[in-house]
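Only one structure is covered here, and it is reproduced in the block below.
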Protein chains: 2
Amino acid sequence: MSTENPTGKASVRTKRADAVRNQQTLLAAAAEVFVTSGVDAPIRQIAAKAGVGMGTIYRHFPTRADLVTAVYRHQIEACADAGPRLLAEADSPFDALRRWIDLFVDFLVTKHGLADALQSDSSRFTALHTYFLDRLGPVCTELLTAAVDSGDIRPGTQPYELMRGIGNLCIGRDSDPRYDPRRLIELLLLGLRQPRQT
Amino acid sequence: MSTENPTGKASVRTKRADAVRNQQTLLAAAAEVFVTSGVDAPIRQIAAKAGVGMGTIYRHFPTRADLVTAVYRHQIEACADAGPRLLAEADSPFDALRRWIDLFVDFLVTKHGLADALQSDSSRFTALHTYFLDRLGPVCTELLTAAVDSGDIRPGTQPYELMRGIGNLCIGRDSDPRYDPRRLIELLLLGLRQPRQT
DNA sequence: CCTGAACCGGAACGTTGCTCCACATATTAT
DNA sequence: ATAATATGTGGAGCAACGTTCCGGTTCAGG
């Protein structure tokens with residue numbers, strides 16, 4: 001993203017030390033606040049936790065989605081990387097898909113309100129939505145087509161639709177103990193499964 | 001609810017005429033605003049549309065959920081009533097379930113942000129959530145057990161879970177044209193279906 | 001050391017939910 | 001008809017929040 005400058009040298013002026021320090025502080029503070037107050041925590045609260053002004057947050061992360069993305073980038077990457085690996089080591093493409101979805105669900109479910117944020121009003125959090133899709137979409141596509149090609153599942157399901165549906169099912173998990181998205185997702189997978197024809 | 005007084009006479013003082021008039025005006029205004037701005041429309045906006053003060057709204061509908069409930073009560077009732085009817089006239093319990101879910105989805109999908117509101121943070125909209133459950137829960141239970149008893153679907157799925165899952169899948173439908181909750185719900189039903197065992 | 005660019009803090013503004021109470025009005029009693 | 005009282009109404013006021021903006025500060029390069 002725009003906050004990185006890989007080589008660090010050359011033409012453009014190097015980033016100021018206090019700036020990168022603040023950015024780190026902010027990421028740490030945000031991560032901490034997110035677990036207790038969810039990704040919708042007031043900006044002021046995060047700023048206070050980090051001991052900086054609000055202006056500083058907006059400078060580094062123009063939208064809330066940018067901040068959330070930055071905080072969870074590592075985990076999203078890990079999930080993305082797991083896709084091809086699972087495809088290689090799992091018993092079947094279907095098994096790989098199932099296990100990848102498990103990972104995805106674990107991720108969404110352990111972050112308070114992440115799933116909620118992901119799907120909320122089209123306008124807010126657009127960047128987050130986009131990042132998820134860009135990074136995880138292709139992985140899902142790969143898993144899905146592999147499973148279709150092997151005849152494990154029926155064709156006709158779009159990766160976007162599947163990811164979004166799973167994301168939706170994970171919404172509001174905290175609010176009620178008798179709701180466990182995993183059971184429904186299991187059902188979904190069952191429906192996806194191709195009835196072995198002859 | 002507390003706003004009705006069937007016989008209108010007797011012990012308790014009858015409701016003031018201007019009050020019931022305002023209530024009607026409010027319901028109409030709210031319904032109108034909901035279609036254009038969603039169920040999250042600012043209270044002020046609804047008050048303005050109805051030509052009353054905010055205090056009046058809060059008097060008649062203490063929480064936003066009360067207002068939403070009142071506006072959609074008729075349709076919820078209709079959906080609830082359709083359950084037993086479908087069970088009687090459909091080809092099979094599974095067919096009845098499928099058609100009932102269709103109705104449910106239609107309802108959620110045509111009201112901007114209704115599904116979103118239904119599941120949002122546990123705290124807000126509790127009353128709406130409760131009303132849905134109280135009214136539609138038993139119907140869903142009936143359909144579900146009938147389908148299980150007839151061997152159409154596999155046992156082990158809770159009505160609450162199913163309803164909530166369907167509600168979740170309907171969230172944010174407007175935001176993206178390539179997402180159609182119905183396809184996923186179809187998949188879910190497919191997974192629910194009992195593989196005919198000899 | 002000097003200077004400009006980058007950075008910082010937080011005041012300020014607009015929007016929203018919700019409460020509260022002086023005032024207005026309908027209903028009932030006289 | 002008039003007064004008494006319960007009931008309903010309007011909107012100012014408060015708190016919380018997102019977001020912008022800009023005067024002052026601090027770093028990095030020369």
Side-chain angles (χ1 to χ4, degrees), chain A residues 2-5 8-27 29-30 33-34 37-68 113 117 120-121 123-128, chain B residues 2-5 8-27 29-30 33-34 37-68 113 117 120-121 123-128:
Chain A
S2 62
T3 59
E4 234 91 2
N5 186 353
K9 329 197 109 189
S11 54
V12 283
R13 182 183 283 255
T14 72
K15 206 163 201 192
R16 273 173 56 164
D18 56 345
V20 302
R21 212 183 318 129
N22 266 331
Q23 182 147 336
Q24 291 313 112
T25 310
L26 272 174
L27 281 177
V33 171
F34 283 171
S37 308
V39 293
D40 267 318
I43 294 288
R44 282 169 169 78
Q45 189 180 338
I46 301 171
K49 186 75 144 191
V52 305
M54 295 176 306
T56 306
I57 293 194
Y58 279 102
R59 160 167 293 270
H60 289 301
F61 309 100
T63 84
R64 182 184 224 90
D66 293 324
L67 179 56
V68 177
S120 69
D121 342 308
S123 52
R124 277 173 61 210
F125 286 102
T126 315
L128 182 59
Chain B
S2 62
T3 61
E4 234 91 3
N5 187 354
K9 329 196 108 190
S11 54
V12 281
R13 185 184 284 257
T14 73
K15 207 165 203 185
R16 271 172 56 164
D18 56 344
V20 302
R21 212 183 318 132
N22 266 330
Q23 182 150 335
Q24 290 313 111
T25 309
L26 272 174
L27 281 177
V33 171
F34 284 172
S37 308
V39 294
D40 267 318
I43 294 286
R44 284 179 227 276
Q45 189 180 339
I46 300 171
K49 185 75 143 190
V52 305
M54 294 180 309
T56 307
I57 293 196
Y58 280 103
R59 162 166 289 269
H60 289 301
F61 309 100
T63 83
R64 179 181 228 93
D66 292 324
L67 179 55
V68 177
S120 67
D121 343 309
S123 52
R124 276 174 62 210
F125 284 100
T126 316
L128 183 58

Listed pairs, N/O of protein and of nucleotides 1-3 of chain C, under 3.5 Å:
none

From [atom1] of [X] over to [atom2] of [N], roughly how many Å is that when rounded to an integer?
| X | N | atom1 | atom2 | value |
| --- | --- | --- | --- | --- |
| A:D66 | D:dG18 | CG | P | 15 Å |
| B:R59 | C:dC18 | CZ | C1' | 15 Å |
| B:L26 | D:dT9 | CG | C1' | 11 Å |
| A:I57 | D:dT20 | CD1 | P | 14 Å |
| A:F61 | C:dC7 | CZ | P | 13 Å |

Are any of [X]'s side-chain N or O atoms less than 4.0 Å away from OP1 or OP2 of [N]?
| X | N | answer |
| --- | --- | --- |
| B:T56 | D:dG8 | no |
| A:N22 | C:dC8 | yes |
| A:H60 | C:dC8 | yes |

Looking only at heavy atoms, which two atoms of [X] and [Y] are closest? And how far apart?
| X | Y | result |
| --- | --- | --- |
| B:D66 | B:A127 | OD1-CB, 4.0 Å |
| A:Q45 | A:S37 | NE2-OG, 3.1 Å |
| A:K15 | A:A19 | CG-CB, 4.4 Å |

(message) Working note: B:D40 + B:R124, criterion side chain to side chain contact (heavy atoms under 4.5 Å, CB included); need CA distance, chi angles, decisive distance, verdict.
(response) CA-CA 11 Å; B:D40 267 318; B:R124 276 174 62 210; 2.8 Å; yes
(message) According to side chain to side chain contact (heavy atoms under 4.5 Å, CB included), who are the partners of A:A117, at least two apart in sequence or on a separate chain?
(response) A:V39, A:F125
(message) I'd like to check the side chain to side chain contact (heavy atoms under 4.5 Å, CB included) partners of A:A50; sequence neighbours left out, ordered by chain and number.
(response)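 With neighbours one apart ignored, the set is A:T25, A:L26, A:A29, A:V52.
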(message) Would you compute the distance between atom OG1 of A:T56 and atom CD of A:Q23 and round it to the nearest 0.5 angstrom?
(response) 11.5 Å
(request) Report yes if the side chains of A:I43 and A:F61 come closer than 4.5 Å at any heavy-atom pair, otherwise no. (result) no
(message) When you compare the side chain of A:D18 with that of A:R21, does any pair of heavy atoms fall below 4.5 Å?
(response) yes
(message) Could you work out how much the helix from C:dC1-D:dG30 to C:dT30-D:dA1 bends, comparing the axis of its first five pairs with that of its last five, to 10°?
(response)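 Here the local axes at opposite ends form an angle of 10°.
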Just the table, please: protein N/O against nucleotides 15-17 of chain C N/O, every pair under 3.5 Å.
unit_1, atom_1, unit_2, atom_2, d
C:dG17, OP1, B:R64, NH1, 3.2
C:dG17, OP2, B:I43, N, 2.9
C:dG17, N7, B:R44, NH2, 2.9
C:dG17, O6, B:R44, NH2, 2.8

Between the protein and nucleotides 26-28 of chain C, which nitrogen or oxygen pairs are less than 3.5 angstrom apart?
unit_1, atom_1, unit_2, atom_2, d
C:dT27, OP1, B:A17, N, 3.2

